[in-house]
Amino acid sequence: MQINKPKNKMNPKAKKAWIIGGIIDLIVYLLITLAFFILNRMFFELSNFITLVLLSISIILGIFEIIIIPNIRMYHWCYEISENEVDIQNGIIVIRRALIPMARIQHVDTERGPILRYFNLSTLSISTAGSTHKIPALHNDEALELRNKISKLAGVSEDDV
Amino acid sequence: MMFSEKRIHPISMLNSFIDGAKQMVFPFIVILFSQSKATGGFYLGGYLLYSSIAVIIVYSLYLFLKWYFLKYSYNDGILFIKSGIFIKKERYIKKERVQTINFKAGIIFRIFDLVILEIETAGGIEEPEVNLPAIKKEYAEIIRENLTKKEAKITSKEDILPEDKYSNDNEKNNTYLKVPMNRIVLNGIASGGVGIIFTVIGLFFSFGIDIIPEGILENTMNFFSRFGMMAITSIILLALIISWTISVINSIIKNSEFSISKHGDEIEIAKGLIERKELSFKTHRIQGIKIIESPIRQLLGYSVIEFIIAGGVDEENQGNTIVHPMIKKSEINDFLGTLTDLDKNIFDLNNIPKRSLKRYLIRSLLPFLVIPIINLILIFNFNINSIIWLNLLIVLPFIFFGYLRFKAGGYLIDDNTLILRNRLFSKRTIIVNKKNIQHLSFSSNLFQRVKKLRTISICTLSSMLGLEFSLKDIDLKDADKIWTWLSRKEHNTN
């Protein structure tokens, strides 16, 4: 028997948010490389090879963060919230699928970093007594709706077998 | 019942500042001393002064922003807390999940009629879920009243700590078992370690060296060099033996007169010769059972049984309570059957598929990738060619362990019980009830996905954070079986 993937995919805006995050990171890496280059010229006088290495690392990381990782995430990450449990799949190289019984959920938080906030997205953080699971980049309203839904279901469900 | 958004009392900033300052005192003194060594006197000027002032200003600003952005409100059974300067966090605490509410107040707080409000929700996480550092007492009391009002109703209807299969009816009451002394001694020997000596050495090297005057150090060095390697080796050996013996005696004293008793649905564990510890807990607080066989114990045929208790009772062992320090394998099934409602043979588990063996062996060898590098260094510097045989010698035990790990892996689902078994060095079996599983997750990397294997992890409650137990490389079909066992959805077949 094959288990189906959880049915809700990530918000497409999430991809944009991740890409922009990646672009910002790339800019930071390039700035660091530039800073090193200037300092090298002025003080260190080490080989230019190191600058080239830094540059290539920056570009490779940039490609990963801007192109590869957002696509992998969009492909794999999904979630499903049903009456009795929350089902989340995430991960990039190691794909992880978690099943969280509704009765074990303690509290639900929302988080918004500056980039996500610009896109009106939030991260939903579901905590059990022992661990926390996140569904990133949900639309603000959806996050709120899910939070309410889970809070209600988590409070109500019985601990029967 | 509700009250609108409030901020906590500003005096909390002063409190945090004092706490922060306390943390900075030691590093500050260290810097001061090292500075004075260089300049030949205590000098609180220049860089040190300016940077201290800068740090104070920045820290105060941070505390202010933190205070400014922390707001709380209460409405209809839910306590709502907003916090965060850049990353905004919103926390909703529901009445049904609240387990304990504490007030704490020092002298200064009491003068202003303030309290620190701490709320712990069901589940034994070490830090309280909520920590509002300075609320007016009346508000705190309103919150407390409202969040705990229905407590009586809740504990009878929907228990905060899960009621599970291990709880007993009063028919099976009053059991008493005392662990015989010979087993306590064996336990001491099996657990004995030489840790103490390393702690002492560590302490010595971090503080002692600077204090000892030059002369004594030189004399000691001379003393040792005169007697040579033999002396040094025998002294070290002696130290290790003494340390080990102390540890064994310590363990024996701590575990003497180990008794396990049960009245109705309450279990009591008592141990200790000089200092007597008595831990008691109700059977419904048991989150899981752990059986651990360390290599020594396994050779002798014994195991340790621990209960994982919500809210933890014993501070040692990561909050797991040792219920029997030295039980024979053949006694386990009966023992667990008496204490809990478990009626299975916990040794009859499904195994890991054969194709996972390779992965287990590779994993066990991975840490030793460093060996080829050592080889290269040795060959190039010392021209030793027979190093290859040395390699085999080192690698063999780890291949052996890899195989043991593979053999130890197993799982079983039966009714509402899940049993998982793995090995790192000790063989560990965990027995949990469906209800106590905080979450179940499967993960796979590229290789596993190709081979249709998954790694399963479950998380149960413990006194500290959740306790995770993983079993690597089980068959995808078995993983699906466990998933459907836990999930309450209708599953479509593909």
Side-chain angles (χ1 to χ4, degrees), chain A residues 1-7 80 82-114 116-117 122-133 143-144 147-148 150-152 154-161, chain B residues 78 84 86-97 121-125 129 157-159 162-165 310 415-416 434-446 448-449 454-455 457 459-462 465-468 477 479-481 483-484 486-489 491-494:
Chain A
M1 172 160 49
Q2 181 85 22
I3 313 282
N4 282 339
K5 265 168 81 155
K7 65 175 186 253
E80 188 171 337
S82 62
E83 199 182 308
N84 291 309
E85 60 217 11
V86 174
D87 185 352
I88 304 178
Q89 180 169 292
N90 56 23
I92 306 218
I93 303 183
V94 175
I95 307 289
R96 180 174 159 273
R97 177 115 176 250
L99 182 65
I100 308 152
M102 198 60 77
R104 299 274 76 83
I105 295 179
Q106 298 247 307
H107 55 81
V108 185
D109 301 338
T110 53
E111 284 174 20
R112 303 192 302 285
L116 288 181
R117 233 187 303 163
S122 329
T123 296
L124 195 68
S125 196
I126 300 170
S127 302
T128 65
S131 50
T132 306
H133 310 262
L144 220 52
R147 191 213 56 91
N148 291 333
I150 296 178
S151 285
K152 201 162 49 140
V156 161
S157 66
E158 306 275 338
D159 275 353
D160 55 14
V161 172
Chain B
I78 300 183
F86 291 119
I87 300 183
K88 307 257 177 225
K89 282 195 175 191
E90 294 155 359
R91 172 157 288 176
Y92 309 81
I93 307 281
K94 241 186 141 10
K95 167 172 20 185
E96 284 81 357
R97 289 289 155 191
T121 52
I125 304 184
E129 297 285 350
K157 195 173 106 158
E158 184 220 300
D159 31 12
E163 181 204 357
D164 69 326
K165 206 171 178 228
D415 289 341
N416 292 323
K434 201 190 258 193
K435 276 188 208 156
N436 302 129
I437 297 181
Q438 299 295 315
H439 75 253
L440 168 71
S441 71
F442 293 115
S443 61
S444 53
N445 58 36
L446 211 57
Q448 282 173 306
R449 263 170 279 152
R454 294 289 185 272
T455 296
S457 287
C459 176
T460 64
L461 262 186
S462 175
L465 306 172
L467 190 133
E468 280 228 4
K477 292 207 203 84
D480 284 349
K481 252 192 246 165
W483 185 277
T484 23
L486 184 63
S487 167
R488 298 217 236 161
K489 248 176 58 169
H491 283 283
N492 306 321
T493 43
N494 251 359

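Just so we're clear, the structure is a prediction, and the values are computed from it rather than from any experiment. Residue numbers begin at 1 in each chain, while the letters A, B, ... track the order of the sequences.
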Out of curiosity, [X] [atom1] to [Y] [atom2], how far, rounded to the nearest 0.5 Å?
{"X": "A:Ile88", "Y": "B:His439", "atom1": "CD1", "atom2": "NE2", "result": "10.0 Å"}
{"X": "A:Asn148", "Y": "B:Ile78", "atom1": "CG", "atom2": "CD1", "result": "7.5 Å"}
{"X": "A:Ser125", "Y": "B:Glu90", "atom1": "OG", "atom2": "CD", "result": "12.0 Å"}

Sort out for me which of [options] touches chain B most, counting heavy-atom pairs under 4.5 Å.
{"options": "A:Ser127, A:Ala98, A:Pro114", "answer": "A:Ala98"}
{"options": "A:Arg147, A:His133, A:Arg117, A:Glu111", "answer": "A:Arg147"}
{"options": "A:Val94, A:Val86, A:Thr123", "answer": "A:Val94"}

On a heavy-atom basis, which atom in B:Arg449 and which in A:Ile93 lie closest, and how many Å separate them? NH2-O, 2.7 Å
Against B:Ser443, only a single residue in A:Arg97, A:Gln89, A:Arg96 fulfils side-chain contact (heavy atoms from CB on, under 4.5 Å); can you say which? A:Arg96
The interface call for B:Tyr92 against chain A, heavy-atom contacts under 4.5 Å, is both
Check each atom of A:Leu144 against the heavy atoms of chain B and say whether the ones under 4.5 Å are side chain, backbone, both or neither. side chain
Please tell me whether A:Ser131 and B:Gln438 have a donor and an acceptor in their side chains that are separated by less than 3.5 angstrom. no
Most heavy-atom pairs under 4.5 Å with chain A, out of B:Leu446, B:Thr455, B:Ile437, belong to B:Ile437
Quick one: which of B:Lys89, B:Gln448, B:Arg454 has the most heavy-atom pairs under 4.5 Å with chain A, could you say? B:Lys89
